[in-house]
Number of protein chains: 2
Amino acid sequence: MSPFTEQPVTAADKTFFQLRKDIVEGVIAAGTKLSETELSTKYSVSRAIVREAINRLESSSLVERKANVGARVVSLSPEGLVELYQIRESLEGMAARLAAKNMTDEEIADLQKLLNSHFDTVQADGSYYQEAGDVDFHYRIILGSKNNHLISMLINGIYHLVRMYRVQLGMAGPRVTTAFDEHKHIVQAICNRDEELAEMLMRRHIMYSKRNIESKLIK
Amino acid sequence: MSPFTEQPVTAADKTFFQLRKDIVEGVIAAGTKLSETELSTKYSVSRAIVREAINRLESSSLVERKANVGARVVSLSPEGLVELYQIRESLEGMAARLAAKNMTDEEIADLQKLLNSHFDTVQADGSYYQEAGDVDFHYRIILGSKNNHLISMLINGIYHLVRMYRVQLGMAGPRVTTAFDEHKHIVQAICNRDEELAEMLMRRHIMYSKRNIESKLIK
DNA sequence: AACGGTAAAATTGTCGACAATCTAGCTAGC
DNA sequence: GCTAGCTAGATTGTCGACAATTTTACCGTT
C-alpha cells in the first residue's frame with residue numbers, strides 16, 4: 001500500500017481526520033471559532049486530543065491560531081484561491097516533469113488506461129462526476145514524481161485546502177471535455193519522456209483551470 | 001514588522017524553537033531518538049509541551065514520528081537533498097516570477113542596495129560569509145512574491161531543512177562570485193518586470209547550486 | 001546454544017485539574 | 001452620556017497521573 005494513504009490509529013488521528021473532513025466539506029463553516037472544550041464534548045475526547053488535532057489542522061493551513069485566543073477556520077477569499085493555484089502551477093508542473101523522468105513504463109500504461117476509462121465514461125454519460133477522476137489523475141502524476149517531500153506537500157497539505165474551495169464555492173464545473181484533452185496531452189508527453197513539455201502542459205492546464213474558476217468568482 | 005518573523009510567546013513555542021535550532025545545527029544529531037520524558041526533564045517543561053513541540057517539528061519535516069513508538073530526527077541523504085532542491089527550484093522560481101510582478105519599486109531598489117553591499121563585502125574581503133547574504137537575498141525575493149502560502153511553505157517549512165543540510169554537511173562553499181553574478185541578473189530581470197526571465201534565472205541559479213552540492217557529496 | 005513465549009520495565013497516548021490569559025460587562029469618574 | 005478601569009466569567013496553556021502499547025529481559029524448551 002502506498003505510504004500516503006494515511007490510516008487513523010490513535011484517537012487524535014481520528015479526531016483530526018473527522019475535523020478536517022467537516023471543515024473541508026463545510027459542515028464547520030469557514031471562519032468559525034473552534035472552541036476546544038466545545039469540540040471535546042462534541043467528539044467525546046479529552047481537550048488534549050482536540051488540541052493536537054487543531055495543531056495539525058493549523059499545519060495544514062485549514063485553521064489559524066492565535067496564542068491565548070484560539071483557533072478559527074480559515075476564511076476563503078478569491079486572493080487565497082489565486083495564491084493556491086500559483087503554488088499548484090509550480091509544484092504540479094515540477095511533478096509532471098519528474099513523473100516524465102521517474103515513472104515506470106508500467107505506471108504510465110496504467111495512467112493511460114485510467115484516461116481511457118474516463119473517456120468511456122464521458123462518452124457514455126455526457127456529464128460525469130469530474131471531481132473524482134480529475135483528482136485521481138493529478139494524484140497519479142504527483143505520486144509518479146517519486147519526490148516524497150513534493151508528494152506530502154501536495155497530498156496532505158495543499159489538496160485539502162483546494163478541495164475546501166471547490167466544495168464550498170460549488171465547483172462542479174464543466175471544462176470536462178477540454179480538461180480531458182489537456183490530460184491526454186500531458187500523458188502523451190510523459191509517455192514520450194519529454195520532461196520539458198510535460199511540465200509546460202501541466203502548468204498551462206492548471207492555469208486554465210485557475211482562469212475558469214476566477215471567471216466564475218467574479219460574477 | 002513582517003508577519004513571518006515568528007516570536008515565541010508560549011512555553012511550547014520556546015521549546016519548539018530551541019529544539020529546532022538544536023536539530024538544525026546538529027546539537028541533536030540526525031537520526032536521534034527523541035524521548036519525550038528525557039526532553040521534558042532536559043528543558044524543564046512538562047511532557048505535553050515537548051509533545052506539542054515534536055508535533056510541530058514533524059510538520060516541519062525535521063522529525064518523523066510513528067504512533068506508539070516515538071519520534072526520530074530525520075536522517076540526511078543525498079536523495080533527500082536532491083528532492084529538496086527540486087522543490088526549491090519550482091517554488092523559488094515561481095517566487096521570482098511573482099516578485100517581478102508584485103514587488104514595489106521601493107522594495108526593488110532596496111534589493112539592489114543589498115546586492116551592492118554584498119558586492120563591496122566580496123570585493124574587500126575575498127572570502128566572505130556567504131550563507132547570511134545568500135539567505136537574505138532569497139528571503140527578500142520570497143517575501144516579494146506576496147504569496148503568503150508560498151512564503152510560509154518556504155520560510156517556516158523547507159528552509160530549516162535546507163539549512164540543516166548545509167550546516168551538517170559543511171557547505172560553506174565557494175561559488176561566491178558566480179552566485180553573486182547570478183543574483184545580479186535575477187534582480188535585473190525583476191527590475192525590468194520580466195517575470196518569465198526572472199523565473200528562469202532563479203531556477204537555473206538553484207539548479208547550479210544543486211549541482212555544486214551534488215559534486216561535493218559524491219566525493 | 002538458539003529460539004519462542006511470557007512477564008516486567010519503559011515509553012507513548014489520554015485524561016482531568018489547576019494556572020495564566022483574554023473577553024465581556026459593570027461600575028465609577030469626568 | 002461617554003470613557004477608563006476593574007471584576008467576574010470563560011477560554012487557552014500547562015501540568016502530573018493513569019491507561020495502553022511497545023520494548024526489553026528473562027526463562028524454559030528443543
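In what follows, chains carry the letters A, B, and so on, assigned in the order in which the sequence lines appear, proteins first and then strands, with residues in each chain numbered from 1.
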**Q.** B:Val45, B:Leu19, B:Thr15 screened by side chain to side chain contact (heavy atoms under 4.5 Å, CB included) with B:Leu39, the one that passes
**A.** B:Leu19
Q: With DNA chain C as reference, determine whether B:Asn68 or A:Arg47 sits nearer its 5' end, using the nearest nucleotide of each.
A: B:Asn68
Q. More than 12 heavy atoms of other residues, nucleotides or ligands under 6.0 Å from CZ of B:Arg140: is that the case?
A. yes
Q.
Applying a 4.0 Å non-hydrogen cut-off, can you work out what A:Ile54 is touching in the nucleic acid: base, sugar-phosphate, or nothing?
A. nothing
Q) Which sits closer to the 5' end of DNA chain C, A:Ile49 or B:Gly70, going by the nucleotide each is nearest to? A) B:Gly70
Q: Over 60° means perpendicular and under 30° means parallel, so classify the ring planes of A:Phe137 and A:His205, tilted if in between.
A: perpendicular
(Q) Categorize A:Ala48 for me: base, sugar-phosphate, or nothing, with a 4.0 angstrom heavy-atom threshold over every strand shown. (A) base
Q) Rounded to whole angstrom units, what separation is found between the CG atom of A:Asn55 and the C1' atom of D:dT12? A) 12 Å
Q | Phosphate contact (D:dT11 OP1 or OP2) by A:Lys66 side-chain N/O below 4.0 Å | A | no
Q) In terms of side-chain geometry, is the basic nitrogen of A:Arg163 or A:Glu25 positioned less than 4.0 Å from the acidic oxygen of its partner? A) yes
Q: Could you tell me from which nucleotide to which nucleotide of DNA chain C, 5' to 3', there is an atom under 4.0 Å from chain B heavy atoms?
A: C:dT11 to C:dT14
Q) Does the salt bridge (charged side-chain N to carboxylate O under 4.0 Å, His left out) test come out yes or no for A:Lys42 and A:Glu38, once each step is laid out? A) CA-CA 6 Å; A:Lys42 183 175 171 187; A:Glu38 190 183 324; over 6 Å; no
**Q.** Neighbour count >12 (heavy atoms, 6.0 Å) for atom CZ, A:Arg211
**A.** no
